[in-house]
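Keep in mind that this is a model prediction, so the values were computed, not measured.
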Amino acid sequence: MSGHHHTHGHDDHDHGSLSRRGLLAGAGGLILLGATSGTAQAARVQVAPGLAAGADRASRITTGTTLVHGDMHNHSLMSDGDGNPDLVFGSMRDAGLDVAALTDHTTLFAIEGLSRSEWNRAGALADAANVPGTYTALRGFEWSHPLLGHANVWFTNDYVDLGGASSMGRFFSWLTGHGGVAGFNHPGREILRFDNFSFNSGAREQMVSMEIFNRGDDYLFDGWSSTGSSPLVACLNAGWRTGLIGVTDEHGTNWGFQEGLGRAGLWVTGNTRNEVLAAMRARRFFATRVSGFRLDATAGGVRMGGVLGITSGAVQFQVDLDRGPEWVGKPLHIQVLRPDTRAPRVVDVIETTAGSVATFTVPLNVADGNWVVLRVSDPSQANQSPGPAGHLCNDFGVAYSSPWWLQP
């Protein structure tokens, strides 16, 4: 394609000269591949100009899976975006993504979201773009509450809005009745923060993700000073077992082409919808905000997203970090994050470089909390959303692993 700026199309609603995004803004801003042996090949695609060609797709520390790059959160004119939905999946494919989701908003009070015909249209577009083994195109939706927060839902045959689920409890009830998986979006942006991540045991396995990068923002500390805790700490301490992802939350027409905003890396046995869903259910994915980044990590031989069958002990970590030739030798820090009351406690910082495998041992005890997350940072840059003064995560976040959980 000659460029990645797409012209607008028309959907089946008449909004005159205003896009829904403009209407929402006027409503007070309420909606502001190489594979290891034995795996299905994920096709290597031409990466768009301005995006990194990136690292090879094979891990240096595990076998049996291939890395695919995805963006699980995008909008079009079917809700508050500016672009023709017919162009969404092609744009993300042309940008070099392997997995792409269209997740328009459902109705937010008087602001019109997805209609039934648009929901069906999104499904047809995803089906037409989906190429098993090469490109996974997904239809989803964003349940949107102006105070509680927003949640993306994938792999369901139906959708719900505030008319059918007006509270977190009703949303979780709907989710458990309809299957699929879901995630907490831009946590901390809406004031009630999912009832402060009030835990629902019945929805634990289906709530698979939390956005830690969204539109370039690092949500580790977002709202910590006013709410009393980091969204990451609040979510995981409440009992949720969410992996961590990055997304662009694209509302314009450059789907997939935005560098530095947010992406997800998923470790799959094949680039198909079923295998992407399996990786999401296993929390076998990571968040990054740079294209072409590879992060794989094990703790005691268990991959990120898994359960460590211990209550205490010294655990050996292996971490594979790479972004291809342009980052070889770049200094990076690996910060080991553990639970605390307001902000995560950093129990170790490992100095390493891109293009290498770091091996280190950390003592863990469930008495100090049952989760551990690895944050990869660039120590030469500052975190634009810093936490407490002097906190070791006040540098620039590059990537996050999904957590591990301590459990006998």
Side-chain angles (χ1 to χ4, degrees), residues 24-25 28-32 71-73 75 103 105 142-152 168 182-199 207-240 242-251 258 260-264 286-290 335 337-346 369 371 373-378 381-403:
L24 289 161
L30 295 179
I31 305 270
L32 294 171
D71 188 354
M72 308 298 291
H73 187 166
H75 296 278
T103 54
H105 294 275
E142 186 173 11
W143 176 84
S144 307
H145 192 291
L147 301 177
L148 288 168
H150 299 182
N152 271 349
M168 292 310 305
F184 297 112
N185 293 357
H186 36 73
R189 196 184 76 178
E190 283 75 34
I191 190 170
L192 296 183
R193 203 166 64 160
F194 310 104
D195 281 337
N196 203 30
F197 294 98
S198 180
F199 183 60
M207 293 301 299
V208 299
S209 68
M210 186 184 86
E211 294 177 356
I212 197 76
F213 294 124
N214 178 298
R215 302 193 202 176
D217 294 327
D218 186 335
Y219 273 84
L220 178 64
F221 293 125
D222 193 84
W224 74 270
S225 59
S226 58
T227 61
S229 63
S230 146
L232 178 69
V233 168
C235 180
L236 299 182
N237 283 1
W240 294 107
T242 55
L244 299 176
I245 63 170
V247 300
T248 62
D249 196 359
E250 175 64 20
H251 283 72
Q258 301 274 29
L261 300 189
R263 289 170 178 242
F286 63 91
T288 182
R289 56 175 162 188
V290 295
Q335 299 155 345
L337 310 186
R338 295 281 283 133
D340 210 335
T341 54
R342 297 188 70 206
R345 186 163 49 96
V346 180
W371 57 266
V373 168
L374 302 182
R375 181 179 188 261
V376 180
S377 70
D378 178 350
Q381 300 183 60
N383 187 342
Q384 296 305 304
S385 300
H391 197 282
L392 292 172
C393 294
N394 285 343
D395 57 2
F396 185 81
V398 172
Y400 288 81
S401 76
S402 282

Query raised in the report: From Gln384 CD over to Asn394 CG, what is the distance, rounded to the nearest 0.5 angstrom?
Result: 11.0 Å
Requested in this report: Over 60° means perpendicular and under 30° means parallel, so classify the ring planes of His150 and His105, tilted if in between.
Outcome: perpendicular
**Report entry** Any side-chain heavy-atom pair of Arg342 and Pro388 under 4.5 Å
**Finding:** no
Query raised in the report: Measuring from Ser401:OG to Ile212:CD1, what's the distance to the nearest 0.5 Å?
Result: 10.5 Å
Query raised in the report: Considering residues at least two apart in sequence or located in another chain, which fulfil the ring pair (Phe, Tyr, Trp, His ring centres under 6.0 Å) criterion with Phe197?
Result: Phe184, Phe194
Query raised in the report: In this structure, which one of Thr288, Val376, Leu220 forms a side chain to side chain contact (heavy atoms under 4.5 Å, CB included) with Tyr400?
Result: Leu220
Requested in this report: Answer yes or no: is there a side-chain heavy-atom contact under 4.5 Å between Val346 and Cys393?
Outcome: yes
Query raised in the report: Heavy atoms, side chains only, cut-off 4.5 Å: are His391 and Asn383 in contact?
Result: no
Query raised in the report: Under 3.5 Å, is there a donor-acceptor pair between the Gln258 and Asp71 side chains?
Result: no
**Report entry** Heavy-atom closest pair, residues Asp222 and Pro187
**Finding:** OD2-O, 4.0 Å
Report task. Would you mind reporting whether Asp395 and Asp378 have side-chain heavy atoms less than 4.5 Å apart? Result -> no
Requested in this report: May I ask you to check if Arg289 and Phe396 form a cation-pi contact, with NZ or CZ under 6.0 angstrom from the six-membered ring centre and within 45° of the axis?
Outcome: yes
Report task. Fit a plane to each ring of Phe221 and Trp224, take the angle between them on a 0 to 90° scale, and name the class: parallel (under 30°), tilted (30 to 60°) or perpendicular (over 60°). Result -> perpendicular
Query raised in the report: Which heavy atom in Ala343 sits nearest to a heavy atom in Val233, and how many Å separate them?
Result: C-CG2, 3.7 Å
**Report entry** Atom of Leu261, atom of Phe213 and distance for their closest heavy-atom approach
**Finding:** O-CB, 3.9 Å
Report summary line: Residues at least two apart in sequence or cross-chain that pass salt bridge (Lys or Arg N to Asp or Glu O under 4.0 Å) with Asp218, listed by chain then number, are Arg375
Query raised in the report: Looking at side-chain heavy atoms only, is the closest gap between His251 and Asp249 below 4.5 Å?
Result: yes
Report summary line: Looking only at heavy atoms, the pair that brings Gly243 and Ser402 closest together is CA-OG, 3.1 Å
Query raised in the report: Is a donor on one side and an acceptor on the other found under 3.5 Å between the side chain of Arg345 and the backbone of Leu337?
Result: no
Report task. Check step by step if side-chain contact (heavy atoms from CB on, under 4.5 Å) holds for Ser377 and Gln335. Result -> CA-CA 8 Å; Ser377 70; Gln335 299 155 345; 3.2 Å; yes
Query raised in the report: Do the side chain of His145 and the main chain of Ala151 share a donor and acceptor less than 3.5 angstrom apart?
Result: no
Query raised in the report: Going through the distances and angles, do Ser229 and Arg193 end up as a side-chain contact (heavy atoms from CB on, under 4.5 Å)?
Result: CA-CA 11 Å; Ser229 63; Arg193 203 166 64 160; 2.9 Å; yes
Query raised in the report: Does any non-hydrogen side-chain atom of Asn152 lie less than 4.5 Å from one of Val247?
Result: no
Query raised in the report: Just how far is it from atom CE of Met210 to atom OH of Tyr219, taken to the nearest 0.5 Å?
Result: 10.5 Å
Query raised in the report: When rounded to the nearest 0.5 angstrom, what is the spacing between CD in Glu211 and CE in Met72?
Result: 10.5 Å
Query - CD1 (Ile191) with more than 12 external heavy atoms under 6.0 Å - result: no
Query raised in the report: Nearest 0.5 Å, what's the NE2-CD1 distance between His73 and Ile245?
Result: 9.0 Å
Query raised in the report: Is the shortest heavy-atom distance from the side chain of Thr103 to the side chain of Asn185 under 4.5 Å?
Result: no
Query raised in the report: Tell me, do Pro344 and Val373 make a side-chain contact under 4.5 Å, heavy atoms counted?
Result: no
Query raised in the report: Hey, is the main chain of Gly262 close enough, under 3.5 Å, to the side chain of Thr248 for a donor-acceptor pair?
Result: no
